[in-house]
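Quick note on labels: first sequence line is chain A, next is B, and so on, each numbered from 1. Below, all heavy atoms of this structure are taken into account, side chains as well, without hydrogens, waters or symmetry copies.
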Amino acid sequence: MAERLIVLVVVLAISAGVGLVARWQDGRVRRRGFAPVEAAASSPRIIDVASGAFGAVVVLGTRACITCARTYAVLRDEASAAGGEVQIEHLLLEDRPDLVEALGVRTAPTVVLLDPAGRVVGRHNGGLDEAGARGAVATLIGVAR
Amino acid sequence: MSATVAGLRPPPGHVDPRGPRFAAVATSVVLAAVVVTGSVWLLAAQVALFAWTVIVGPGRGPWGRVFRALVRPRLPPPAFYEDAAGPRFAQLVGLIVTGVGLAAAVLEVPHAVLVSAAVALVAATLNGAFGICLGCWMYRVLLRLRRRR
């Protein structure tokens, strides 16, 4: 019985260790923030940004990606709290395989920032928490102003 | 303010993401009991629970029903619904791991119950405690590999 309890403790310790390392790495990705991308005329057409919007944040995700849906939901909240002038979209890479090659997407989600002309001005590989989403929205508002 | 999805019922093929996580916590408790007691019957019960969920889907599996009846009414609507395919595949992986352990135990392979329950317990606690679904990750990798072919 004692041996089995030791096994249980070891198993739970392994889970806790793996989980904490995964969270720490996730945090590292978030802390990197948005890499600015030189707006290029040759940027692929991702979406048409709504007229009057400061720009758009596009979550490039996949159907089975939980983090993608969560990132989209958090972004929607933050955009709404900031006045709703930033468009938030969630595109499924299954439906837009052209973007995988054109943007070199290697991670789901990949979050891209588009200026009002629809050109890519920022990019982040990985999911976003509230702070990251606020940063994305604020970045676009800052670029537009 | 939190984003919510319209309506209380998830669209077809989707589940409230908190349901599979609740199931993972419940599964962790069962598997921890298997590790501590070494009971083949308890492992067999868990194999049956995995099989049931794989057949009917995570939303209508046993823990999914408990979540819908007792837990979800006390929670606000979810921010999003999740494609059920990933959690279903994760249940299949759990079924394979514990099923192999059960078969090995029946064939009197030493420590079969303990090893299979311990492996499944790592995955279940990762999902329940940290929201890291290893089976869902495997599902995404397999989808990507299939698309490349």
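Among Glu3(A), Glu94(A), Arg4(A), the residue with the largest count of heavy-atom pairs under 4.5 Å with chain B is Arg4(A).
Under the 4.5 Å side-chain heavy-atom criterion for ILVMFWY residues, a single connected hydrophobic cluster contains both Leu75(B) and Leu70(B). With hydrophobic clusters built from ILVMFWY side chains whose heavy atoms lie under 4.5 angstrom apart, Leu60(A) does not share a cluster with Leu92(A). No continuous path of hydrophobic side-chain contacts links Val106(B) to Val100(B) [ILVMFWY only; heavy atoms under 4.5 Å]. A single hydrophobic cluster is not seen to contain both Val115(B) and Val109(B); linkage of ILVMFWY side chains at heavy-atom distances under 4.5 Å, directly or through other members, places them apart. Under the 4.5 Å side-chain heavy-atom criterion for Ile, Leu, Val, Met, Phe, Trp and Tyr, Leu145(B) and Trp137(B) are members of the same hydrophobic cluster.
Of the residues listed (Leu8(A), Val10(A), Leu5(A)), the one engaging Val35(B) in a side chain to side chain contact (heavy atoms under 4.5 Å, CB included) is Leu8(A), and it is the only one.
Atom SG of residue Cys133(B) and atom CD1 of residue Ile66(A) lie 5.5 Å apart, to the nearest 0.5 angstrom.
Proximity to chain A is limited to the side chain of Ile132(B), based on heavy atoms less than 4.5 angstrom apart. With a threshold of 4.5 angstrom between heavy atoms, Leu93(A) does not approach chain B through any atom at all. With a 4.5 angstrom heavy-atom cutoff, Ala129(B) touches chain A only via backbone atoms.
In terms of heavy atoms, Thr125(B) sits closest to Ser15(A) at OG1-OG, 2.6 Å.
Side-chain contact check for Leu114(B) versus Val7(A): some heavy-atom pair is nearer than 4.5 Å.
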